[in-house]
Amino acid sequence: MNLKNIFYKYEKTILFCAILICSGIVFHDFIFGDNLFLYNDVNDDTYQSYLAAYQMVVNAVKNGNESWYNMTMGFGSNMLSFQMVILDPFAIILYICGMIWGIYAIPYALVYAQIARIVCAGLAFRYFLTAFPLSRFSRFMGAMIYAFSAFLLSDIAQHYPFATAAVGIALLLGLLEHAFQKRKLYILFSLVVAVMGIWSLYFSYMTLLICGIYTLVRWLQIGELTIKGAYRFFGFPVISVIFGLMIASVILVPEALIMMTTSDRLSDTLSWRDRINEMSSFLSISQMKESVTRLISNNLLGSANGWTGVSSSFNAPHLFCSILFPVAFFHYIIESIKNYKI
């Protein structure tokens, strides 16, 4: 058996091992405990928020405290206000380590949770690529590039759960694309939506927004461009999302209530109508100007004097795009028009 046949037969296993080996190279200082996967940033989030929240959960379980309100975090905290942190599926690795070796083992386990995210992201993206007529080597390289992309390596030491979103969107798009091609409902898609909803209200919104845009583009490419065709094409994704959100509603609805009433992103003096208007408002002229210039340079407008854009860039994902995104996107649409029946 030659190397090509071995690669074809054990493609997933080789991909899994390749991601692990590369992760070992990237994170070797953290894996062997020479350094902790913790960094001091402006707000000291990793120490004061994330690590403290993980330790709070382990202590609560050990002490038999099943209350959703915990008095050991600051002056007392609603556990749901840490939804994105404590309900992260990959945080189970930290909780197991904390339960077995104590809460002081959690800082050393942070890097292993991150490696698990990277592995899952690579495998999930490979699954997405299997829906297209690509060579095995192309799928392999695409999965490796995604696994070690900036989505999983940039800012993760400050906001660990952000990398979980990269896993979720790859898995959702993979399930969605396979469902389009097989023209059938995927229950697993609803279950992933439910997990995302239980994990994070914010990232559920962002990932489902991407899925909606992706569905629209794929309908224009392969769907029947009629009202009846749109009903058939959009029907099962909408039903799947509703079903998944209904499952997640036991956590999602209380979290939404907390976010809309006590969030530090919204003023406490606003009425419900004003809050909804603020959350659904369009960008200001200055923010639109920033969004356009950001495509060309991170500092085209300057950052020291006269800054009028958004104050917190990680809450504005449209600022993450480079000039390559609109170029590649419109090129993709044009090529689709040429190759399909639009």
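Just so we're clear, the structure is a prediction, and the values are computed from it rather than from any experiment. The first residue in the sequence is number 1, and the count goes up from there.
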Does atom [atom1] of [X] have more than 12 heavy-atom neighbours from other groups under 6.0 Å away?
X	atom1	answer
F16	CZ	no
I227	CD1	no
M246	CE	no
F137	CZ	no

Can [Y] be reached from [X] by stepping across I, L, V, M, F, W or Y side chains whose heavy atoms are under 4.5 Å apart?
X	Y	value
V238	L188	no
L173	L216	yes
L38	V26	yes
I14	L20	yes
V58	L51	yes

Side-chain donor/acceptor pairs under 3.5 Å, residues 101-111, sequence neighbours excluded:
none

Looking only at non-hydrogen atoms, find the nearest pair between [X] and [Y] and report the distance.
X	Y	result
C120	V167	CB-CG1, 3.9 Å
L175	V192	CD1-CG2, 3.7 Å
A143	L15	CB-CD2, 3.8 Å
A179	F236	CB-CE1, 3.4 Å
T130	H178	OG1-NE2, 3.1 Å
A116	I93	CB-CD1, 3.7 Å

Under 4.5 Å between any side-chain heavy atoms of I19 and F148, yes or no?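 The answer is yes, as the side chains (C-beta and beyond) meet within the 4.5 Å cut-off.
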
Can you check whether R117 reaches Y160 side chain to side chain, under 4.5 Å on heavy atoms?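 Of all side-chain heavy-atom pairs linking Y160 with R117, at least one is under 4.5 Å.
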
What distance separates [X] [atom1] from [Y] [atom2], expressed to the nearest 0.5 Å?
X	Y	atom1	atom2	result
T226	Y231	OG1	OH	13.0 Å
Y95	D88	OH	CG	7.5 Å
I169	L176	CD1	CG	9.0 Å
F140	I145	CZ	CD1	10.5 Å
Y205	L201	OH	CG	10.5 Å
L252	E255	CG	CD	8.0 Å

Please confirm whether the ring centroid of [X] lies under 6.0 Å from the ring centroid of [Y].
X	Y	answer
F27	F37	yes
F125	F128	yes
F233	F180	yes

Residues two or more places apart in sequence or in another chain: which of them pass side-chain hydrogen bond (donor to acceptor under 3.5 Å, both in side chains) with [X]?
X	result
S200	none
R126	E11
S249	none

Using modelled atom types and a 3.5 Å cut-off, is there a donor and acceptor pairing between side-chain atoms of W199 and backbone atoms of M84? yes

Can you tell me if Y54 uses its side chain to pair, donor with acceptor, with the backbone of I86 under 3.5 Å? no

Are L171 and F189 close enough, and set up right, to give a side-chain contact (heavy atoms from CB on, under 4.5 Å), and what steps lead you there? CA-CA 8 Å; L171 187 56; F189 180 80; over 6 Å; no

Donor-acceptor list for residues 207-214 side chains, cut-off 3.5 Å, not counting sequence neighbours:
{"unit_1": "T207", "atom_1": "OG1", "unit_2": "F203", "atom_2": "O", "d": "2.7"}
{"unit_1": "T207", "atom_1": "OG1", "unit_2": "S204", "atom_2": "O", "d": "3.2"}
{"unit_1": "Y214", "atom_1": "OH", "unit_2": "E177", "atom_2": "OE1", "d": "2.5"}

Chi angles and distances behind the side-chain contact (heavy atoms from CB on, under 4.5 Å) call for R139, K12: CA-CA 10 Å; R139 293 200 303 254; K12 288 185 289 187; over 6 Å; no

Out of the candidates V195, I251, V57, only one should pair with L87 under the side chain to side chain contact (heavy atoms under 4.5 Å, CB included) rule; please name it.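 Result for side chain to side chain contact (heavy atoms under 4.5 Å, CB included) with L87: I251.
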
Does I247 form a side-chain contact (heavy atoms from CB on, under 4.5 Å) with V193? I'd like the steps, not just the answer. CA-CA 9 Å; I247 297 175; V193 170; over 6 Å; no

Any pair counted as side chain to side chain donor-acceptor pair (under 3.5 Å), so long as it reaches residues 13-36, sequence neighbours left out: none

